[in-house]
There are 2 protein chains.
Amino acid sequence: MQIKNGFEQSVYAICLLSMLPAKSVLPGEAISNQIGASPTYFQKILRKLSDSDLIASVPGKKGGFKLKKSPSEIRIYDIFLAIEGQQALYYSNNVLGEMVPKKDKEACVLSDLMERAETSWITVLKSETISSLFTELHKEKELQDWVNQNLVQ
Amino acid sequence: MQIKNGFEQSVYAICLLSMLPAKSVLPGEAISNQIGASPTYFQKILRKLSDSDLIASVPGKKGGFKLKKSPSEIRIYDIFLAIEGQQALYYSNNVLGEMVPKKDKEACVLSDLMERAETSWITVLKSETISSLFTELHKEKELQDWVNQNLVQ
DNA sequence: GATAAACAGGATAATCATTATCCTGTTTAT
DNA sequence: ATAAACAGGATAATGATTATCCTGTTTATC
């Protein structure tokens, strides 16, 4: 069991996009290279983020990706949700339901606990945003230079 | 991303074992059938629980499994740990480390958050035990009958 | 317009983790 | 001695994740 690597990659991709000046974009291929992901695969990850309205895609020559929300409005949980989807950690296979066919009230006892745990986990992931988490990282000259060299428009 | 089905199966397997009278055991195959798992596979799951000292295995004819701890001492988290191992939810692939080679202090910012989230999740799973979670289920005549019919010794 | 560079999205392959099976060995009640 | 159970290694089947390819659409530039 493991949270997808695409999640961590997405967090840093969005972090890079948060360092973009207004009206400019970063091409998907440049992001993929910087993140160390295969470009064809990461394009699909970027589309998930785009489908979730965290980032915007600009087609055509001089196209690429940019943020759709401000870094302080993008919670780490939003990124997780975009990549992994809802009820991601635990999903009951209804083992008890097979053992005791009639009772389905009881069947939820474990699910209830797992849901409470997941809610608690989610609360922590909602407590930080891209801007709150990466204030220090934004000061990294190396990264900012890379962004400036690879942005378009 | 998904917590293994073996976890849910283990919880109910241990619940069954908690309904055993003293000095008796349940054969692995009977448990597997009741849980709806493949016997050869579930034997290995049972061994994991045994390795973690949650259950004890009795070899030989009239052998089987029984609890090694009392139901009130077996936390749901203990079962999770036995099946999934430590740091199970999130593991960093050090994406940032590849982007900014020198800084490895900063590299932990996301990991720190994910760890806090996991800790919070674990806290909930530590808050319930087999006995606290399944008080109602133990009253199920159907289940108790099945246990009595399948126990050995 | 034609071209080039970028995203959209479907189909499909490669890789890896989980689940399942098989087989040999050891233990113990009868 | 035999039968029924667990221990544990090797290996196959399955399913999810990651990766590639190809066709189509958009848009800046010539």
Side-chain angles (χ1 to χ4, degrees), chain A residues 1-10 13 17 23-33 35-53 55-66 68 80 82-85 88-91 93 95 150-153, chain B residues 1-10 13 17 23-33 35-53 55-66 68 80 82-85 88-91 93 95 150-153:
Chain A
M1 201 268 322
Q2 203 58 58
I3 287 169
K4 296 196 254 251
N5 191 15
F7 165 67
E8 183 181 0
Q9 294 170 323
S10 295
L17 293 177
K23 305 245 172 190
S24 54
V25 300
L26 275 175
E29 194 168 359
I31 301 173
S32 304
N33 290 337
I35 295 291
S38 90
T40 56
Y41 170 66
F42 202 64
Q43 284 280 350
K44 293 182 193 307
I45 297 280
L46 289 167
R47 189 130 39 78
K48 285 189 180 184
L49 298 173
S50 170
D51 288 345
S52 299
D53 283 331
I55 70 180
S57 74
V58 177
K61 198 170 179 178
K62 293 207 168 186
F65 296 90
K66 61 185 176 185
K68 197 162 177 184
F80 178 84
I83 302 302
E84 301 270 0
L89 296 190
Y90 178 78
Y91 175 79
N93 284 90
V95 171
N150 286 273
L151 64 78
V152 173
Q153 242 172 26
Chain B
M1 202 271 319
Q2 202 59 57
I3 288 169
K4 296 197 256 255
N5 191 16
F7 165 68
E8 183 180 359
Q9 294 170 323
S10 296
L17 293 177
K23 306 246 172 188
S24 55
V25 300
L26 275 175
E29 192 168 359
I31 301 173
S32 304
N33 290 337
I35 295 291
S38 91
T40 56
Y41 169 66
F42 202 63
Q43 285 279 350
K44 294 181 192 309
I45 296 279
L46 289 167
R47 190 130 37 80
K48 285 190 181 184
L49 298 173
S50 171
D51 288 345
S52 300
D53 284 330
I55 70 180
S57 75
V58 177
K61 198 169 177 178
K62 293 208 171 185
F65 296 89
K66 62 184 176 187
K68 197 163 178 183
F80 179 84
I83 302 302
E84 302 269 0
L89 297 190
Y90 178 77
Y91 175 79
N93 284 89
V95 171
N150 287 272
L151 64 79
V152 174
Q153 242 170 25

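Just so we're on the same page: letters track the sequence lines, and every chain starts at 1.
- What separates CG of A:Leu26 from C1' of C:dA6 is a distance of 13 Å, to the nearest Å.
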Working for side-chain contact (heavy atoms from CB on, under 4.5 Å), residues B:Ile83 and B:Ile3: CA-CA 10 Å; B:Ile83 302 302; B:Ile3 288 169; over 6 Å; no

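- If you take NZ of A:Lys48 and P of C:dG9, they are 14 Å apart, rounded to a whole angstrom.
- Here A:Arg47 reaches the OP1 or OP2 of C:dG9: one of its side-chain N or O atoms lies under 4.0 Å away.
- Using a 4.5 Å heavy-atom threshold, the side chains of A:Gln43 and A:Thr40 count as separate.
- In this structure, B:Leu151 atom CG and D:dA5 atom P are separated by 13 Å, rounded to whole Å.
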Secondary-structure notation, DNA chain D, from Watson-Crick and G-U pairs under 3.5 angstrom (| other strand): ||||||||||||||||||||||||||||||

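- Listed for the A:Ser50 side chain is no donor-acceptor partner under 3.5 Å among the backbone atoms of A:Leu46.
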Per-nucleotide protein contact string for nucleotides 19-30 of chain C (B base, S sugar-phosphate only, - none; heavy atom under 4.0 Å): BBBB----BBBS

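- Taking both residues in full, the closest heavy atoms of A:Ala13 and A:Ile35 are given as N-CD1, 3.6 Å, listed atom of the first, atom of the second, then distance.
- Computed from coordinates, the B:Asp51 CG to D:dC6 P distance equals 14 Å when rounded to whole Å.
- Partners of B:Tyr41 under the side chain to side chain contact (heavy atoms under 4.5 Å, CB included) rule, at least two apart in sequence or in another chain, are B:Gln9, B:Ser38, B:Ile45.
- Residues B:Phe42 and B:Ser32 approach most closely at CB-OG, 3.4 Å, considering heavy atoms.
- OP1 and OP2 of C:dC7 both lie 4.0 Å or more from every side-chain N or O belonging to A:Ser50.
- Remark: the backbone N or O of A:Val25 is not paired with any side-chain donor or acceptor of A:Gln153 at under 3.5 angstrom.
- When all heavy atoms of A:Phe65 and A:Leu17 are compared, the closest pair comes out as O-CD2, 3.4 Å.
- Atom P of nucleotide C:dA8 and atom CG of A:Leu49 are separated by 11 Å, given to the nearest angstrom.
- Checking A:Phe65 against A:Gln2, the closest nucleotide of DNA chain C that is more toward the 5' end is the one next to A:Phe65.
- Environment of CD in B:Glu29: sparse, with no more than 12 heavy atoms of neighbouring residues, nucleotides or ligands closer than 6.0 Å.
- Note: CD (A:Glu29) to P (C:dC7) measures 9 Å, nearest angstrom.
- When the side-chain nitrogen and oxygen atoms of B:Ser57 are compared with OP1 and OP2 of D:dA5, none of them lie within a distance under 4.0 Å.
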